[in-house]
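As structure tokens, the structure follows; a few thoughts come after it.
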Number of protein chains: 2
Amino acid sequence: MNGEVSLQTFHRMPQYLKALYEFKKEGRENISSVQLAEALNMTPSIVKKDLSQAKIQDGKPKVGYAIGDLIAGISEFLGYNNLKEAVLVGAGKLGQALLGYEGFGEYGLNIVAGFDIDDSIIGGKIHGKPILPTGKLQGAIEKLGIKIAILTVPAEHAQAMADLLVKAGIRAVWNFTTAHIQVPENIAVRNENMASSLAVLSAQLQEIIKKEEAQN
Amino acid sequence: MNGEVSLQTFHRMPQYLKALYEFKKEGRENISSVQLAEALNMTPSIVKKDLSQAKIQDGKPKVGYAIGDLIAGISEFLGYNNLKEAVLVGAGKLGQALLGYEGFGEYGLNIVAGFDIDDSIIGGKIHGKPILPTGKLQGAIEKLGIKIAILTVPAEHAQAMADLLVKAGIRAVWNFTTAHIQVPENIAVRNENMASSLAVLSAQLQEIIKKEEAQN
DNA sequence: ATAATATCGATAAAAAAATATCGATTAAAT
DNA sequence: ATTTAATCGATATTTTTTTATCGATATTAT
């Protein structure tokens with residue numbers, strides 16, 4: 001799906017960025033793959049490989065990489081510089097929390113509006129973002145050329161809404177519902193499935209406890 | 001970290017469950033690995049392998065698996081039957097959304113209380129969950145023997161709070177902050193990093209658009 | 001100036017994960 | 001009753017991802 005660079009690599013990139021900002025704040029100017037790896041519980045090998053994928057190849061022996069270069073390179077690689085506009089569909093509890101999430105701006109994402117069917121919130125603003133009726137969704141997407149939709153409707157409406165979004169021209173869906181949505185293969189979907197995450201966490205916990213019991 | 005079963009497998013399990021409930025609702029009683037794979041855009045091989053990991057091995061040739069057995073088996077495997085209690089730390093926007101998230105109960109997770117430093121919400125309830133001062137966190141964890149913490153504090157307080165949680169006896173941290181937290185290796189951490197997810201989604205979108213431009 | 005050492009970056013090796021294959025088996029069709 | 005077709009479940013293969021190795025090189029120390 002992704003040409004050369006693996007999704008795991010993309011997943012790690014923002015972590016590097018986060019750590020790099022920390023180091024920068026401490027006054028550091030250079031950092032080696034060893035140190036970056038240590039800060040994030042990774043191996044130097046994977047750090048070096050990831051950075052080379054982002055076309056960052058100006059590390060110096062005995063010194064490491066220039067932190068400023070890394071930050072610029074990764075930000076560019078992740079497209080944080082060119083702002084991407086998005087719509088949020090379903091302004092319920094989770095949707096409202098996301099509308100108020102201030103981190104998105106840093107990542108080059110701007111939510112231009114929320115859409116909902118609830119008349120009591122339509123016409124107003126939530127965290128500064130206008131809430132519009134879903135009837136206006138298609139028009140807005142087409143008119144503004146918006147490519148990304150954040151999906152926070154109830155699970156039972158997820159597929160129908162996804163169909164509508166695709167029809168309106170959306171190219172990427174960030175799916176926060178528990179539903180698995182089917183879309184054409186030229187549409188990107190990212191599932192933010194809490195059940196999945198919780199399952200993994202529980203599994204890790206169970207394993208840890210089992211290990212301990214085995215020791216006693 | 002996880003003995004035999006991979007985290008990817010755990011990640012897929014709730015997806016199977018979701019799909020199985022759908023099929024059940026439609027009146028189906030049996031399902032083959034081929035059909036389940038198709039519904040979730042996977043391969044039959046991976047479905048069969050995952051199910052065998054969950055000790056589900058009663059599929060019948062020409063028929064498939066009994067849906068009821070699968071649901072029971074996966075639920076048991078994921079520990080959805082034995083309720084796990086959790087505390088939520090940081091009752092801001094995201095924290096409040098999670099306090100109100102009704103899906104957790106299904107997954108065997110019960111948030112017993114939220115903790116915060118904001119006097120204007122302490123003592124009250126949010127979505128039915130009591131909000132307590134962080135000063136009472138340690139006592140509550142110890143007294144109730146709680147093993148899981150949901151971390152939704154501002155990023156700059158994440159590490160300090162994680163340290164406190166670990167000291168109080170927490171064994172698993174579900175980290176919704178953007179900070180990378182360091183914990184002892186016998187503590188499970190699951191990072192719900194929106195930046196990472198967004199990076200992956202953006203990458204997919206970029207790839208799709210590039211592909212299209214190449215065609216024109 | 002020379003030697004020692006830390007690090008990069010490319011490549012090789014290892015490990016992990018996903019996918020394919022295939023004999024056995026069961027239900028349905030003939 | 002026999003044949004056909006679909007599916008499981010075990011195993012083998014392939015692919016992907018991670019980790020290790022190592023020569024080249026730049027900085028620091030002697």
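Lettering of chains follows the sequences in order, A, B, ..., and the numbering in each one begins at 1.
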Under 3.5 Å, is there a donor-acceptor pair between the B:S197 and A:E192 side chains? yes
Answer yes or no: is there an ion pair linking A:E212 with B:R171, defined by an N-O contact shorter than 4.0 Å? yes
Nearest-Å distance for atom pair CZ/C1', residues B:R12 and C:dA18: 8 Å
Counting any heavy atom closer than 4.0 Å, what does A:T9 reach on the DNA or RNA strands: base, sugar-phosphate only, or nothing? nothing
Would you mind reading off the distance between A:Y65 atom OH and C:dA6 atom C1', rounded to a whole angstrom? 13 Å
B:I46 atom CD1 is separated from C:dT21 atom P, nearest whole Å, by 16 Å
Heavy-atom distance under 4.5 Å between the side chains of A:K147 and A:K84, does that happen here? no
Check whether any side-chain heavy atom of B:V89 lies under 4.5 Å from a side-chain heavy atom of B:T152, and answer yes or no. no
Please compare A:K49 and B:I31 by the position of their nearest nucleotide in DNA chain D and report the one closer to 5'. B:I31
Min and max contacting nt of DNA chain D in 5' to 3' order, chain B heavy atoms within under 4.0 angstrom, are D:dA5 to D:dA12
Rounded distance (Å) that lies between atom P of C:dT7 and atom CD of A:E38: 11 Å
For B:D58, report the nucleic acid contact type (base, sugar-phosphate, nothing); a contact means any heavy atom under 4.0 Å. sugar-phosphate
Flag for B:Y65-B:D58: side-chain donor and acceptor within less than 3.5 Å: no
What is the separation between atom NZ on A:K55 and atom P on C:dA10, rounded to the nearest whole Å? 11 Å
With the side chain counted from C-beta on, respond yes when A:I150 and A:F176 share a heavy-atom pair under 4.5 Å apart, and no when they do not. yes
To the nearest Å, give me how far apart CD1 (A:I56) and C1' (C:dT7) are. 16 Å
Using a heavy-atom cut-off of 4.0 Å across all strands, would you classify A:S45 as base, sugar-phosphate, or nothing? base
DNA chain D: B:Q35 or A:Q8, which has the more 5' nearest nucleotide? B:Q35
Protein-to-nucleotide contact annotation, 5' to 3' order, nucleotides 25-30 of chain C [B base; S sugar-phosphate only; - none; under 4.0 Å, heavy atom]: BBB---
Going from CZ on B:F115 to CG on B:L151, what distance comes out if it is rounded to the nearest 0.5 angstrom? 13.0 Å
Are any of the side-chain nitrogens in A:E213 or A:K210 under 4.0 Å away from the carboxylate oxygens of its partner? no
What does B:D50 touch in the nucleic acid at a heavy-atom separation under 4.0 angstrom: a base, only the sugar-phosphate, or nothing? nothing
Answer yes if the side chains of A:N81 and A:E76 hold a donor-acceptor pair under 3.5 Å, and no otherwise. yes
